[in-house]
Student: 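Below is a structure I'd like to ask you about.
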Amino acid sequence: MPHCRVIGDSMFPTIKEGDLVIYKRIKSLIKEGEIVVLNHPKDRRKLIIKRIFKINEKGIEVRGDNLISSIDSRQYGLVNRDSIIGIVETIIKN
């Protein structure tokens, strides 16, 4: 299963720094409210974890659960569905 280790606190308190996130590759529709792993819109070599806030015909708005410290669609705009790699299935707490 694909996985990644969390750096930062943008998804706090749901996901904390050091937690291990296991995700499944996208094979079906995504829904608002799901936590996803996606390519960073400014640096596609980096992965980020955000929650799908809104889906519309122009793109997908993602946000961190920790609105105070999250850099997300409020700063960099909507993301394309192609940038979403997977849906978080399991969070292993550090």
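When a residue number appears, it is its place in the shown sequence, counting from 1.
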Student: Is atom NE2 of H40 surrounded by more than 12 heavy atoms (other residues, nucleotides or ligands) closer than 6.0 Å?
Tutor: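 More than 12 within 6.0 Å, yes.
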Student: Hydrophobic cluster membership, with links at side-chain heavy-atom distances under 4.5 Å among I/L/V/M/F/W/Y: are I55 and V62 in one?
Tutor: yes
Student: Answer yes or no: is there a side-chain heavy-atom contact under 4.5 Å between S83 and R44?
Tutor: yes
Student: Looking just at side-chain N and O atoms, do D9 and S69 make a donor-acceptor pair shorter than 3.5 Å?
Tutor: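 Yes - a donor-acceptor pair under 3.5 Å links their side chains.
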Student: Taking the side chain as every heavy atom from C-beta outward, state whether R25 and I85 have any pair of such atoms under 4.5 Å apart.
Tutor: yes
Student: Can you tell me if R74 uses its side chain to pair, donor with acceptor, with the backbone of L67 under 3.5 Å?
Tutor: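 Answer holds: yes.
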Student: Decide side-chain contact (heavy atoms from CB on, under 4.5 Å) for V88 and V37; before the verdict, give the C-alpha distance in whole Å, the side-chain angles of both, and the deciding distance to 0.1 Å.
Tutor: CA-CA 7 Å; V88 173; V37 176; 4.0 Å; yes
Student: Measuring from atom CD1 of I22 to atom CD1 of I92, what distance do you get when rounded to the nearest 0.5 angstrom?
Tutor: 3.5 Å
Student: Are any of the side-chain heavy atoms of I48 and S10 separated by less than 4.5 Å?
Tutor: no
Student: Below 4.5 Å, heavy atoms only, C-beta onward: do T14 and R51 meet side chain to side chain?
Tutor: yes
Student: Is there a continuous path of hydrophobic side-chain contacts, each under 4.5 Å between heavy atoms, that joins F53 to V36?
Tutor: no
Student: Applying a strict under-4.5 Å side-chain criterion to I, L, V, M, F, W and Y, I'd like to know whether V79 and L47 cluster together.
Tutor: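 They do not share one cluster, since no chain of ILVMFWY contacts under 4.5 Å joins V79 to L47.
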Student: Is any side-chain heavy atom of D65 closer than 4.5 Å to one of I15?
Tutor: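 Sidechains of D65 and I15: no contact.
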Student: Which distance, rounded to the nearest 0.5 Å, do you find between the CD1 of I71 and the NZ of K42?
Tutor: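 If we round to the nearest 0.5 Å, I71:CD1 and K42:NZ are 11.0 Å apart.
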Student: Got a sec: does the CD1 of I7 have more than 12 other heavy atoms crowding it under 6.0 Å?
Tutor: no
Student: Heavy atoms, side chains only, cut-off 4.5 Å: are I60 and R81 in contact?
Tutor: yes
Student: Can you find a pair of side-chain heavy atoms, one from F12 and one from D19, that are under 4.5 Å apart?
Tutor: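 No, every pair of side-chain atoms sits at 4.5 Å or beyond.
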Student: How about K54 and E32: do any of their side-chain heavy atoms sit closer than 4.5 Å?
Tutor: yes
Student: Once rounded to the nearest 0.5 Å, what's the spacing between atom OH of Y23 and atom CE of M1?
Tutor: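 Going from the OH atom of Y23 to the CE atom of M1 covers 10.5 Å.
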Student: Should the heavy atoms of other residues, nucleotides or ligands under 6.0 Å from NZ of K27 be counted, would the total exceed 12?
Tutor: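 Atom NZ in K27 is not packed in, count stays at 12 or less.
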Student: Enter the distance from K16:NZ to M11:CE here, rounded to the nearest 0.5 Å.
Tutor: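 Going from NZ on K16 over to CE on M11, the span is 11.5 Å.
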Student: Measure the CD1-CG distance between I49 and D72 for me, rounded to the nearest 0.5 Å.
Tutor: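 Atom-to-atom, I49:CD1 and D72:CG are 13.5 Å apart.
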Student: Does a donor on one side chain and an acceptor on the other come within less than 3.5 Å for K50 and S70?
Tutor: yes
Student: Distance from I52 atom CD1 to I87 atom CD1, nearest 0.5 Å?
Tutor: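 That separation rounds to 7.0 Å.
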